[in-house]
Number of protein chains: 2
Amino acid sequence: MALGKDYAKQECSIARALEVVGERWTLLVVRDALYGVRRYNDFLVHLGAPRAVLAARLQALTAEGVLEKRRYQQSPPRDEYVLTERGLALWPTLCALGVWGREHYDTTPMRIFRHAGCGSGLGRYGECRTCGIAVPVADVEMLPGPGLDPDPADPVSRALLRPKRLLEPVIIDQAS
Amino acid sequence: MALGKDYAKQECSIARALEVVGERWTLLVVRDALYGVRRYNDFLVHLGAPRAVLAARLQALTAEGVLEKRRYQQSPPRDEYVLTERGLALWPTLCALGVWGREHYDTTPMRIFRHAGCGSGLGRYGECRTCGIAVPVADVEMLPGPGLDPDPADPVSRALLRPKRLLEPVIIDQAS
DNA sequence: CCTTTTAGGTTCAGTGAACGAACCCACAGT
DNA sequence: ACTGTGGGTTCGTTCACTGAACCTAAAAGG
């Protein structure tokens, strides 16, 4: 966090976690990565964060081992950011936070998450409501919900209208 | 959040939740409230946050309906802050965040959480490992873990050494 | 060959938030 | 009359976020 005063002396794993993901934009970067966003520019347009902040967050998350920067083409050199095991492990937290936000503020869901295996919805903690098991991130299917109001100017937002699995890379249509 | 740019246009319940609890110190205030802290001064010494920030966060959380300010004595007028239903609903999120922090950074647990009914530990989402059910917050028992290094100068830290249920008010010993 | 576009950044001035210390006030105790 | 305590507010400094501009390397277009 590093704001002169970090969460020193907090004797608590929650505070330790917040040192890594507690800054502004950080959890939204992780969320987008779970949604399948991988490229700098896609994060940029979908989040609307300042470029400098995004660059700082991607670097910090990479340094913390939440994201991994990997070269996907040589010429011109281009990198993408993908979640590590440690990053994937944030899914339950994000899921719980999203459930809380939806239940208490956005009553109509923006996105619906289902267990891809059996098609039923996820419970409060990311578990499948019928199977009862904790669904692995890659088996979560995401589809637009009734409360969603996509931004037609944002190709990432458009791409996320198609039902897809988490982590599956977003497909950007080139139509401006 | 209100830093010129809020998380506008995020079309997402996670972003909505972060507008409420995403600022620095906010989630730690909620954590302390779950641990049984209720008074301004106790939050102050235990968190180590600047007084002005704490006052702002308590006010904001009260306005958002996460905390409730209630008068517990008339003369001199004294108030305490207790979690509402909406605040209690943040427990799964904090629990998941704590589990993540512990698994990836603090390998020895600072605090141990158990289902008070059966005595067994909590899983990744706050569910009881043997009963399998989601444990209600008030039935979670908290005890110090091996990794805990309490601050002897802080009475709240000392009070939390005693095993206790979540939400049960902390008992501050008056010895200096 | 020259120009434009694209991905992925860095730099910089302005502003708003966090920090820490000091101050304030009402009441209680002695 | 003095001191202590709970619960704040004020204020100057520092730091992080913001938005806009700028940079680079390579590819694409003409």
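Below, chain A is the first sequence line, B the second, and so on; all start at residue 1. When reading the values below, keep in mind they use all heavy atoms of this one structure, side chains included, and skip hydrogens, waters and symmetry mates.
- In this structure, Arg24(B) places its CZ atom 11 Å from C1' of dC15(D), rounding to the nearest Å.
- Panel note: side chain Lys164(B), backbone Tyr35(B); a donor-acceptor pair is recorded below 3.5 Å.
- Put simply, the residue from Arg39(B), Gln73(B), Arg71(B) that forms a side-chain hydrogen bond (donor to acceptor under 3.5 Å, both in side chains) with Asp79(B) is Arg71(B).
- Rounded to whole Å, atom P of dG16(C) lies 21 Å from atom CD of Glu23(A).
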Contact letters for nucleotides 5-10 of chain D, in which S counts primed atoms plus P, OP1 and OP2 and B counts the base, heavy atoms under 4.0 Å: -BBBBB
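- A 4.5 Å side-chain heavy-atom check between Leu34(B) and Val140(B) finds every atom pair outside the cut-off.
- Here CD of Glu64(B) is found 12.0 Å from NE2 of His104(A). Values are rounded to the nearest 0.5 Å.
- At a threshold of 4.0 angstrom between heavy atoms, the contacts of Val53(B) are confined to the sugar-phosphate backbone, with no base atom among them.
- With rounding to whole Å, Arg71(A) atom CZ is found 12 Å from dA25(D) atom C1'.
- Just one of Leu47(B), Val21(B), Val37(B) meets the side chain to side chain contact (heavy atoms under 4.5 Å, CB included) condition when paired with Val29(B); it is Leu47(B).
- Rounded to whole Å, atom P of dA16(D) lies 14 Å from atom CH2 of Trp25(B).
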Under 3.5 Å, which donor-acceptor pairs link side chains of residues 106-122 of chain A to any protein atom two or more places apart or in another chain?
residue, atom, partner, partner atom, Å
Asp106(A), OD2, Ser13(B), OG, 3.4
Arg114(A), NH2, Glu141(A), OE1, 3.2
Ser120(A), OG, Thr130(A), OG1, 2.8

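- Other residues, nucleotides and ligands contribute more than 12 heavy atoms inside 6.0 Å of the CD atom of Glu168(A).
- In this structure, Gln74(B) places its CD atom 14 Å from C1' of dA26(C), rounding to the nearest Å.
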Show each protein N/O and nucleotides 28-30 of chain C N/O combination with a separation under 3.5 Å, one pair to a line.
residue, atom, partner, partner atom, Å
dA28(C), OP1, Ser75(B), O, 3.1
dA28(C), OP1, Ser75(B), OG, 2.3

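- Rounded to whole Å, the distance from CG on Leu44(A) to P on dG19(D) is 11 Å.
- In this structure, CE in Met142(B) is found 4.5 Å from CG in Leu160(B), a value given to the nearest 0.5 Å.
- With rounding to the nearest 0.5 Å, the separation of OG1 in Thr62(B) from OH in Tyr81(B) is 5.5 Å.
- Atom CG in Leu47(A) sits roughly 15 Å away from atom C1' in dC17(D) (whole-Å rounding).
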